[in-house]
Amino acid sequence: MSLEKAGGRFCSGKRAGLPAQRPFPVIQKVVASMAHLQEEKLRLQEELLALQEKLAARESEEIAASVQLRGQVENLKANLREQAQEIGRLRSEMGGTDAEKHRDLLAAENERLRQEMKAREGELRELRRQQAACRDCTHLQESAGLQERLCQLQREAEEARAKLAELELEVQQKTNRLAEVELRLKDSLAERAQEEERLSRRLRDSQETIASLRAQPQQIKYVIKTVEVESAKAKQALCESQSRNQYLQEQVGMQRQVLKEMEQQLQSSQKTAAQLRAQIAMYETELERAHGQMLEEMQAMEDEKNRAIEEAFSRAQVEMKAVHENLAGVRTNLLTLQPALRTLTHDYNSLKRQVRDFPLLLQETLRSARAEIGQAIEEVNSTNRELLRKYRRELQLRKKCHNELVRLKGNIRVFGRVRPITKEDGEGPEAVSAVTFDADDDAVLHLLHKGKQVSFELDKVFPPQASQEEVFQEVQALVTSCIDGYNVCIFAYGQTGAGKTYTMEGTSANPGINQRALQLLFSEVRSKAADWDYAISVSVAEIYNEALRDLLGKEPQEKLEIKLCPDGSGQLYVPGLTEFSVQSVEDINKVFEFGHVNRVTECTNLNEHSSRSHALLIVTVRGLDRSTGLRTTGKLNLVDLAGSERVGRSGAEGSRLREAQYINRSLSALGDVIYALRSRQGHVPFRNSKLTYLLQDSLSGDSKTLMMVQVSPAEKNSSETLCSLKFAERVRSVELGPVSRKAELVSWPSQEQLEGDLPGSSGRGHASPSPGLPSGRSTSIRRKLQTSA
Ligand code: ADP
Ligand code: MG
């Protein structure tokens, strides 16, 4: 009832928003109680086991009782024996023969009883064995069968009670019969006693009669015979009564024994029944106790549940209250929010409209954006095209400006380099330098020759302390212009030992222009790699006695020919000249090494040979502008010329003289070509030597030439130094423009003429290059350009 009520309350709590988990503690408690009951059940099972043990103890008690029973049987046996003795005694009292018969009968009966007792004992053992077997059964079976056994025992008790009643009845009957039999026995005993008395009296009378008769022999004999006959009859009657008496006594004994047994059985059954009753009562109290306990627990659980429900209900009420309060707050909030909601709804509707219109708007916007983008792309494209056009025009303009600049600066420039004094120059006064420099002008140097100081002005003069790096810095602009597609020639001119090879090749620790130029080309090409593809290749050649040899070829001694391109472009080429593609400094080193080895194997004395031949390193740079498709080809010719000393004049003969003549002719031809180019003559005599013919492309047009005139500072070399410097000044002082061209129509002086020229008497004291040349103006122009370069 309370449960239902509580449940109802709980449900209302749940409707009010109470969490659904609230009833679980009650269920948990019920579960806990169940567990408790389970434990109780286990405890009862344990008690049951204890009871079983008690039962076992009782069984042992029963065994003890059976032992006692056996003792009683023994007692009975003793009684029987006593009775037998009594009977024997009686029999001995009553007479020999009958007594013996009776004894035999009793002995037989005794034997039968003993047999029966043995059988009973066997049965008892069997029972005990069964009991033992029963004990061996498992406890579980015992516990399961215990109740059954209890019922069985109760049944047995009932049966025993019924049997007991029956036995009591039977005993009563038998007692009655026994009383009758005893009565009859007493009567018969009394009769017998009387008969015996009577008979003994008669016997005595008869004996007296016999005695009296003996005295009367005849009559007596007859009387004796009569008495004897009568005595036999009496004896027979006595025997009959004795046997009947015996039978009756046996009957009485048997009945008594049966009675005793029954009494014993009755007693034991009563005892068992009492024990069983006590056990039943104990079980019943135990059951009642457990039942009571269970009821108590259930009551406790019920109370607990009710309490939990009460608590939950009160909590729910509190929460409900809070919720109500919140609800009130929310309601007030709602009231204040309603205007905001109205504006929001309005906003939402307008947004919805906007969203509805958005795709159209978007499409329109996209259309216009697309159109705008297309227009912008078109504009960008046109701008790009315009830019490209401008860029190309700018390129052309740049080239034009460059050409103009070069034209103004002169595309043939002359530098002088003075090597330091070396051990070979000797010691003491011999080693004194004949060359001095102008502290204010790095283009001027003074030479003391035969006691007179001669001054020379070149484009740039490098003193002995100038490093390879400094020299290269002045030529690197030429080198890079090769990347832009210009042809460049750099010549090292001077007498043997003046430092030509040092300037061009240098040493491995301090490389010269050749290696530095290629390194610079590589780095420049790399920096332009984003827009340009470049390929750099090199050829190494030598011109000795007007014969051109390929130093990278398989047959270095083979003379190569210079031919006109068959395509009619007027270009020259050398069929069979090896060209190695190079990509790194390592490649260049390998090429130089290879060329050097070829040159060494071709001559007996390298120093001698190298001073008598022109060594050429031809670098070709081919470029492709990926964006414009513009292709460029630039050639950088690095030439270490043969010694310019005047061997022929020192009385040389044979091959030495021939060598000297070839060198002389080729150097003169080079001078002629440069002169003709600078003075813009219509005809340039390129074909006068192999060297100029080979370099024709790189000397003509808008190509650039640098002549590095190497001089020795030693006084003993002053004549050769003078010749070299005169050659240099003549090359660079060729005036540009129509006047100079006209003026320069005179021929280029030979080596001998150079030597023969003596220092001029110009204001500054430098040699006048050629008569009638207005060199002052050109010099000032040079200076200006040089500072701007
Ligand atoms: P060339 O090639 O003109 O015959 P070399 O280049 O062989 O002359 O130079 C001759 C010697 O002078 C070499 O031992 C060289 O090392 C040295 N020499 C030349 N120029 C310089 C210089 N600027 N600084 C140091 N030594 C030099
Ligand atoms: Mg040399």
Side-chain angles (χ1 to χ4, degrees), residues 414-427 430-431 433-437 442 445 458 460-475 490-516 540-545 551 592 595-596 598-600 602-617 638-647 650 656 659-660 662-664 666-667 670 691 706-725 727-728 751:
V414 183
F415 291 171
R417 188 178 190 187
V418 184
R419 73 155 168 81
I421 294 280
T422 60
K423 278 180 200 161
E424 283 76 42
D425 296 328
E427 281 170 24
E430 277 187 3
S433 175
V435 181
T436 51
F437 303 91
D442 64 354
L445 89 167
L458 307 174
K460 170 100 185 164
V461 172
F462 296 102
Q465 63 273 16
S467 66
Q468 299 279 65
E469 176 67 34
E470 282 170 48
V471 173
F472 185 70
Q473 265 176 14
E474 288 297 320
V475 300
I490 299 175
F491 296 101
Y493 178 95
Q495 72 171 114
T496 301
K500 298 183 295 295
T501 309
Y502 184 84
T503 294
M504 298 311 285
E505 289 178 20
T507 58
S508 57
N510 202 3
I513 291 169
N514 290 4
Q515 194 160 341
R516 286 172 198 269
V540 180
E542 178 190 72
I543 296 171
Y544 175 71
N545 283 358
L551 290 182
F592 288 170
H596 193 70
N598 270 345
R599 206 176 185 195
V600 168
E602 287 308 302
C603 58
T604 45
N605 185 336
L606 179 67
N607 274 342
E608 194 95 318
H609 176 83
S610 67
S611 68
R612 302 282 136 231
S613 62
H614 310 299
L616 292 102
L617 171 66
L638 302 160
V639 190
D640 184 356
L641 291 167
S644 61
E645 61 273 14
R646 298 143 302 155
V647 183
S650 57
R656 198 86 175 83
E659 270 178 2
Y662 275 125
I663 293 163
N664 210 0
S666 67
L667 288 177
L670 180 64
L691 181 69
L706 170 70
M707 183 69 76
M708 181 71 82
V709 177
Q710 296 283 151
V711 292
S712 160
E715 202 172 4
K716 62 173 182 181
N717 293 326
S718 66
S719 296
E720 291 298 337
T721 303
L722 184 72
C723 285
S724 296
L725 288 171
F727 176 85
Q751 293 293 98

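First listed ligand is number 1; within each ligand, the first listed atom is number 1. Hydrogens, waters and symmetry mates play no part in the numbers below; they use all other heavy atoms, side chains included. The structure presented is a predicted model; accordingly, all values stated were derived computationally and were not measured. For the single chain, residues carry numbers from 1 onward in sequence order.
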TODO: Give the single entry among Tyr493, Tyr502, Phe462 that approaches atom 6 (O) of ligand 1 most closely by any heavy atom.
DONE: Tyr502
With a 4.5 Å cut-off on side-chain heavy atoms, are [Y] and [X] touching?
{"X": "Thr507", "Y": "Tyr502", "answer": "yes"}
{"X": "Asp640", "Y": "Asn514", "answer": "no"}
{"X": "Asp442", "Y": "Val461", "answer": "no"}
{"X": "Leu667", "Y": "His614", "answer": "yes"}

Task: Steps toward side chain to side chain contact (heavy atoms under 4.5 Å, CB included) verdict (Glu474, Phe462) - done: CA-CA 10 Å; Glu474 288 297 320; Phe462 296 102; 3.4 Å; yes
- [ ] Would you check whether Arg417 reaches within less than 4.0 Å of ligand 1, judged by its heavy atoms?
- [x] yes
Open item on the list: With the threshold set at under 4.0 angstrom, would you say Ser611 reaches ligand 1 through any of its heavy atoms?
Closed with: no
TODO: Report, in ascending order of atom number, the atoms of ligand 1 lying under 4.0 Å from any heavy atom of Thr496.
DONE: 4 (O)
Task: Numbered atoms of ligand 1 (with element) below 4.0 Å of Gln495, judged on heavy atoms - done: 3 (O)
Task: Donor-acceptor under 3.5 Å (Ser644 side chain, Gln495 main chain) - done: yes
Task: Exam field: side chain Glu645 to backbone Thr496, donor-acceptor pair closer than 3.5 Å - done: yes
Protein contact of [atom] - nearest heavy atom, named by residue and atom, plus distance:
{"atom": "atom 7 (O) of ligand 1", "value": "Thr501 CB, 4.3 Å"}
{"atom": "atom 10 (C) of ligand 1", "value": "Gly497 O, 3.7 Å"}
{"atom": "atom 26 (N) of ligand 1", "value": "Pro420 CD, 4.0 Å"}
{"atom": "atom 19 (C) of ligand 1", "value": "Gly499 CA, 3.5 Å"}
{"atom": "atom 12 (O) of ligand 1", "value": "Arg419 CD, 3.8 Å"}

Open item on the list: At a threshold of 2.8 Å, where the distance has to be below it, does the Mg ion (ligand 2) have an N, O or S atom of Thr501 nearby?
Closed with: yes
- [ ] Might you confirm whether atom CD of Glu659 has over 12 heavy atoms from other residues, nucleotides or ligands at distances under 6.0 Å?
- [x] yes
